[in-house]
Amino acid sequence: MRAAQSSRGAVTTAVAGTVLIAAGAFWLSFTALTDLARRSGIAAGQAWAWPLIVDGIIVVATVAVVALAGTRLTWYPWMLLIVGAGLSVTANSVHAMVTADADVPALLAATVAAVPPLVLLAITHLTVVLTRHHADTSSPATAGDDRDQPHTEAPSVSAQPEPPAASLDTGVPVRDEVVAPIRTSSSAQEEAAALRAEGWSNKSIARHLGVHPSTIGRWFTNQTIREPEPTMTHAPNRDLENGRPTNGR
């Protein structure tokens with residue numbers, strides 16, 4: 001907890017410092033670009049808008065680059081950032097060469113004038129990165145506090161298999177379903193024939209053997225399984241005249 005508070009305080013201090021530095025860099029660039037716009041023919045009452053446009057591109061594009069990081073859309077804010085930074089640096093350098101004293105080299109004046117827009121670019125990016133990092137690290141800390149809390153799991157209830165319903169074809173109750181071991185094709189077909197002889201339906205047989213009902217129907221249709229022969233429940237009648245069994249024919 002103390003580590004999180006100290007980290008939060010450090011990030012807050014760093015963000016405050018970057019904001020102050022960015023404000024100073026923006027003010028120096030703003031005054032230089034305003035004077036350059038006034039010297040270029042823009043009215044004094046409107047010259048202040050030109051540095052807002054130029055340096056505003058740097059701020060907005062920097063935030064957009066960080067926000068869209070990892071996506072394919074970052075090329076556009078990067079292009080705006082490069083164009084805005086290049087334009088601001090060039091304009092500040094030109095203003096320095098125009099207004100510098102005669103005893104100051106033009107290269108030195110241009111270099112000094114290019115510092116504020118470059119600092120504005122770097123410090124804006126740093127501010128956004130610090131803010132985003134602080135937001136990302138605060139969420140895992142909260143999740144870690146939740147993980148420390150003891151929790152009890154509800155006891156798992158094992159689902160009991162429901163017995164199959166009675167066959168709708170014959171009304172004969174179906175035996176309790178037991179998980180059958182893996183059968184070979186021939187043994188499964190033989191058991192299917194035996195169950196069919198007991199009056200089971202194709203759906204009940206398929207559920208018992210763990211196959212699709214269409215498989216059972218295909219077995220019987222293709223005569224892979226021989227249809228069970230009906231069991232004779234009465235003795236054959238004998239023809240009293242010739243003494244031969246007739247079986248009802």
Side-chain angles (χ1 to χ4, degrees), residues 3-101 104-144:
Q5 291 179 352
S6 61
S7 177
R8 188 180 300 109
V11 172
T12 303
T13 304
V15 170
T18 56
V19 170
L20 291 176
I21 295 174
F26 180 81
W27 176 250
L28 290 176
S29 179
F30 178 83
T31 55
L33 295 183
T34 302
D35 185 61
L36 181 63
R38 190 184 305 111
R39 290 173 179 270
S40 300
I42 300 178
Q46 301 174 349
W48 60 269
W50 195 71
L52 288 180
I53 296 174
V54 175
D55 290 337
I57 294 177
I58 298 177
V59 177
V60 175
T62 302
V63 176
V65 166
V66 178
L68 298 177
T71 65
R72 298 181 179 179
L73 303 177
T74 53
W75 66 270
Y76 186 66
W78 270 114
M79 182 187 68
L80 292 179
L81 182 60
I82 294 173
V83 171
L87 181 60
S88 180
V89 170
T90 302
N92 278 273
S93 300
V94 170
H95 177 265
M97 289 186 294
V98 170
T99 60
D101 295 336
V104 177
L107 181 59
L108 177 60
T111 303
V112 172
V115 172
L118 293 178
V119 171
L120 176 63
L121 170 63
I123 213 68
T124 303
H125 186 272
L126 179 60
T127 305
V128 176
V129 170
L130 285 174
T131 306
R132 185 174 182 179
H133 175 72
H134 175 65
D136 293 342
T137 54
S138 60
S139 297
T142 304

Asker: For the OG atom of Ser88 and the CG atom of Leu121, what is their distance to the nearest 0.5 Å?
Answerer: 9.0 Å

Asker: Which value, rounded to the nearest 0.5 Å, describes the distance between Ile21 atom CD1 and Thr127 atom OG1?
Answerer: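 So the CD1 of Ile21 and the OG1 of Thr127 are separated by 8.5 Å.
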
Asker: As an exercise, state the distance from CG of Leu118 to OG1 of Thr111, rounded to the nearest 0.5 Å.
Answerer: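 Answer rounded to 0.5 Å: 10.5 Å.
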
Asker: What's the spacing between Phe26 CZ and Ile58 CD1 if we round to 0.5 Å?
Answerer: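 So the gap between those two atoms works out to 9.5 Å.
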
Asker: Under 3.5 Å, is there a donor-acceptor pair between the side chain of Thr90 and the main chain of Gly86?
Answerer: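 Present.
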
Asker: Which pair of heavy atoms, one from Leu120 and one from Ala22, lies closest together, and at what distance?
Answerer: CD1-O, 3.7 Å

Asker: Of all the heavy-atom pairs spanning Val89 and Ala114, show the shortest one and how long it is.
Answerer: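 Between these two residues, the closest heavy atoms are CG1-CB, 3.7 Å.
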
Asker: How about Val66 and His125: do any of their side-chain heavy atoms sit closer than 4.5 Å?
Answerer: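 Yes, close enough: below the 4.5 Å cut-off.
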
Asker: To check you understand the geometry: which heavy-atom pair defines the closest contact between Leu28 and Thr31, and what is its length?
Answerer: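 The answer is O-OG1, 2.9 Å.
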
Asker: Please report the interatomic distance CG(Asp35) to CZ(Phe30), rounded to the nearest 0.5 Å.
Answerer: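 That separation rounds to 11.5 Å.
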
Asker: For residues 71-82, which side-chain donor-acceptor pairs fall under 3.5 Å, sequence neighbours excluded?
Answerer:
| unit_1 | atom_1 | unit_2 | atom_2 | d |
| --- | --- | --- | --- | --- |
| Thr71 | OG1 | Leu68 | O | 2.6 |
| Thr74 | OG1 | Thr71 | O | 3.3 |

Asker: Can you tell me how far CG of Leu33 sits from CD1 of Ile53, rounded to the nearest 0.5 angstrom?
Answerer: 11.0 Å

Asker: Looking only at heavy atoms, what is the nearest atom pair of Ser93 and Ala110, with distance?
Answerer: OG-O, 3.3 Å

